[in-house]
K.L.:
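Okay, here's the structure, questions in a sec.
In what follows, every chain begins at residue 1, and chains take the letters A, B, ... in the order their sequences are listed.
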Amino acid sequence: MKIELREIAIRDVVAGYTNNQEDGVVGYAGKLNIRPKYQREFVYRDRQRDSVIETVRRGFPLNVMYWVRNADDTYEVLDGQQRTISICEYVAGNFSLDFQYFHNLTDTEREQILDYRLMVYFCEGNDREKLDWFKTINIAGEKLTDQELRNAVYTGPWLTDAKRYFSRTGCPAYAIGSDYLNGSPIRQDYLETAIDWISWRTIEQYMSEHQHEPNAFELWSYFQNVITWTSTIFPNYRREMRGVAWGSLYNEFSSKGFDAEKLEAEIQVLMQDEDVTRKSGIYEYVLTRNEKYLNIRSFTDRMKREAYERQEGICTHCQGHFELSEMEADHITPWHAGGKTTSENCQMLCRGCNRVKSGK
Amino acid sequence: MPAPTTEKKVSNKNLHKAKKSKNDEFYTQLSDIEKELKHYKEHFRDKVIFCNCDDPEESHFWKYFSENFEFLGLKRLIATHYETEKPSYKLEIVADTNGDGRINKLDTIRTPLMQNGDFRSPECIEILEESDIVVTNPPFSLFREYVAQLFEHDRKFIIVGHQNAITYKEIFNLIKENRIWLGYGFSGGAAHFINKYYEDYATAGDHREGMIRVSGVNWFTNLEIQKRHEDLILYKKYSQEEYPKYDNYDAIEVSKTKDIPLDYVGAMGVPVTFMDKYNPDQFEILGCSYVYGEPIGYHIEGKGFNVSISGKEVYKRLFIRNKKLS
Ligand SMILES: C[S@@+](CC[C@H](N)C(=O)[O-])C[C@H]1O[C@@H](n2cnc3c(N)ncnc32)[C@H](O)[C@@H]1O
């Protein structure tokens with residue numbers, strides 16, 4: 001991993017500056033990707049934009065920026081996007097400061113701006129190194145999410161296409177998935193979730209394998225399938241459904257047949273069960289049958305004490321005598337067989353017996 | 001006459017006061033003008049620009065073009081001032097009249113007008129005839145007339161207007177025929193105008209001193225821009241349940257633009273805000289429920305003009321068809 005601090009004159013950054021929907025925002029003679037197509041657009045206020053120009057005009061220092069060097073000798077702005085865009089837009093004559101446009105300044109004033117040097121860290125290395133490094137450094141200003149960092153590393157046509165579907169406000173993935181996913185597309189939460197699902201939790205591997213593919217259609221159709229499957233087997237929407245790992249469930253269970261009506265009946269019962277403390281886990285539970293998703297209510301100290309006194313300190317399994325602190329509470333009739341978390345259904349087992357029992 | 005809707009209801013007393021003073025005096029901010037006009041730069045080269053509703057002493061349109069005269073390579077810049085009842089004046093920049101090597105506001109020539117600077121006055125129409133592109137924020141209340149005049153004289157234009165205008169009968173026909181379309185627009189679909197007469201009733205977070213927030217404002221133009229050639233990405237599949245048909249017209253209801261199904265061949269009803277995403281290569285506009293159902297003829301005498309679903313009327317819809325299917 002190579003990290004090098006360099007001074008880059010504004011003159012060089014604004015060379016070949018373009019800002020449009022089709023190509024994203026590009027500068028530095030076409031070699032610098034300032035904002036990749038469909039990347040998050042930070043809401044930068046006019047006032048912040050203006051203060052960048054003021055800083056430059058007074059010759060004060062701006063914070064260090066970070067550029068990443070790609071394999072094909074192009075660069076990507078990892079930190080400093082908005083500041084760079086503000087400068088480029090100003091020099092391009094697209095906005096004025098105190099009613100003065102760049103092209104209305106005197107030659108000396110213009111030269112001063114063009115000669116101003118930005119401090120830029122250039123970083124170079126393989127994907128792994130870059131990612132590790134990005135995660136470690138504390139980037140000043142706008143904090144990037146893990147997925148935004150990955151996006152800076154695995155650039156290419158695949159990512160550009162994926163962002164069309166997953167990374168814009170009101171993007172297709174949001175439109176079909178917002179009932180089922182947490183987070184926001186522009187912070188890359190949707191993209192992250194979709195890749196996490198399709199790759200069985202190996203996001204970076206998936207991204208590096210697909211980096212140079214021409215499009216992300218596979219990911220998008222997978223995501224559509226997940227959402228369609230989810231809304232087919234759970235047609236009655238509840239807000240607890242947002243944030244469930246639907247992709248993981250889809251991967252595991254989409255090939256099996258389910259009776260949506262039967263599932264719904266069971267969900268209704270579980271939703272009303274006081275012992276189920278994690279209602280969103282119900283969806284995972286009805287498919288996996290794993291009780292851990294439900295966070296079944298545990299016995300209170302009062303219930304344990306009552307059972308302990310009732311048993312006179314004797315473990316119901318091994319019949320040994322124990323102190324309360326040496327024992328653990330257990331459902332006499334297991335929860336899945338209809339047993340409730342009440343003191344009547346509570347028995348105290350010594351730690352050893354309880355381990356053996358729950359270990360099965 | 002549909003006036004721009006302000007955020008909160010202006011109290012009666014204030015409204016009255018505002019009406020008595022200058023109801024149409026919303027001045028566009030320089031930053032909003034910059035954000036829109038930067039997309040039209042190549043159109044301005046060697047052109048005569050006319051700002052005909054502009055009170056040039058106040059207007060940032062004048063400021064924008066005079067400061068950028070050379071940068072944009074203008075041929076000539078003219079602005080007329082409007083007086084209610086007395087003769088007015090025009091400002092003009094043509095060349096480096098003061099000989100300082102630059103063309104800017106210092107080269108402004110002020111000439112009295114015989115008439116009051118009304119955009120409809122023969123004098124102003126004469127200037128209109130000599131100009132190539134009209135750029136201004138005309139009074140909302142005269143919008144129809146204003147646009148009619150532009151078309152009568154076959155001019156290019158970039159003007160501020162209210163989204164309600166889309167469904168004015170005259171304007172809608174132009175929209176349908178792709179002779180007028182929306183520009184890039186104001187952020188969040190609302191503009192903050194500089195206004196000295198109203199108090200701003202925008203909610204606290206959005207309140208700005210000396211400004212009034214007006215929602216549903218946009219730019220209308222007939223100049224070519226990149227934006228109108230971008231396809232709207234569609235992803236929803238059509239289903240009978242999700243897209244009910246209207247009782248009185250053979251089209252499906254699509255209540256949000258982003259939900260337009262990708263595979264529906266026939267007519268679809270969408271909200272007026274669809275216009276912001278309209279690409280004439282992707283969609284065809286068939287009609288509009290506000291325009292008396294006329295172009296498509298579903299309207300039945302004695303009934304409302306709206307389409308309905310199970311007897312319930314649906315607010316203002318544009319009817320469109322996907323051109324890429326079928
Ligand atoms: C909405 S204001 C906009 C002003 C300016 N274009 C701007 O955006 O800053 C409308 C302007 O049109 C002027 N005006 C009103 N009626 C007019 C008419 N009949 N002909 C020409 N101008 C008129 C008003 O005096 C006012 O300056």
K.L.:
Near B/K324 NZ, under 6.0 Å, is it more than 12 heavy atoms from other residues, nucleotides or ligands?
P.N.:
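Buried by this count: over 12 neighbours within 6.0 Å.
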
K.L.:
Name the region of A/F95, side chain, backbone, both or neither, that has any atom closer than 4.5 Å to a heavy atom of chain B.
P.N.:
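Both backbone and side chain.
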
K.L.:
Which pair of heavy atoms, one from B/R102 and one from A/L105, lies closest together, and at what distance?
P.N.:
NH2-O, 3.8 Å

K.L.:
Among A/Q100, A/Q224, A/H103, which residue forms the greatest number of heavy-atom pairs with chain B at distances under 4.5 Å?
P.N.:
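The answer is A/H103.
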
K.L.:
Go through the atoms of A/S96 and report whether side chain, backbone, both or neither lie under 4.5 Å from a heavy atom of chain B.
P.N.:
both

K.L.:
Supply the atom-to-atom distance B/S31 OG to A/R49 CZ, rounded to the nearest 0.5 angstrom.
P.N.:
6.5 Å

K.L.:
For B/K256, is it the side chain, the backbone, both, or neither that has a heavy atom closer than 4.5 Å to a heavy atom of chain A?
P.N.:
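B/K256 has no heavy atom closer than 4.5 Å to chain A.
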
K.L.:
Would you say B/K105 has more than 12 foreign heavy atoms packed within less than 6.0 Å of its NZ?
P.N.:
no

K.L.:
How about CD on A/E261, more than 12 heavy atoms from neighbouring residues, nucleotides or ligands closer than 6.0 Å, or not?
P.N.:
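Not more than 12 within 6.0 Å, no.
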
K.L.:
If you count the non-hydrogen atoms of other residues, nucleotides and ligands that lie under 6.0 Å from OH in A/Y174, is the total more than 12?
P.N.:
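For A/Y174, atom OH is not crowded (no more than 12 foreign heavy atoms under 6.0 Å).
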
K.L.:
Would you say A/N94 and B/K35 are linked by a side-chain donor-acceptor pair, where the criterion is simply a distance under 3.5 Å?
P.N.:
no

K.L.:
A/P172 pairs by side chain to side chain contact (heavy atoms under 4.5 Å, CB included) with which of B/L234, B/L262, B/I233?
P.N.:
B/I233

K.L.:
Just checking heavy atoms, which of residues 61-77 of chain B are less than 4.5 Å from chain A?
P.N.:
B/K63, B/Y64, B/E67, B/N68, B/F71

K.L.:
Where do B/K258 and A/A175 come nearest, in terms of heavy atoms and distance?
P.N.:
NZ-CB, 4.2 Å

K.L.:
Hey, could you give me the CG/CG distance between B/D32 and A/D46, rounded to the nearest 0.5 Å?
P.N.:
8.0 Å

K.L.:
Could you have a look at B/K227, B/H60, B/K38, B/K237 and say which one has the most heavy-atom pairs with chain A under 4.5 angstrom?
P.N.:
B/K38

K.L.:
In terms of heavy-atom proximity below 4.5 Å to chain A, should B/H39 be classed as side chain, backbone, both, or neither?
P.N.:
neither

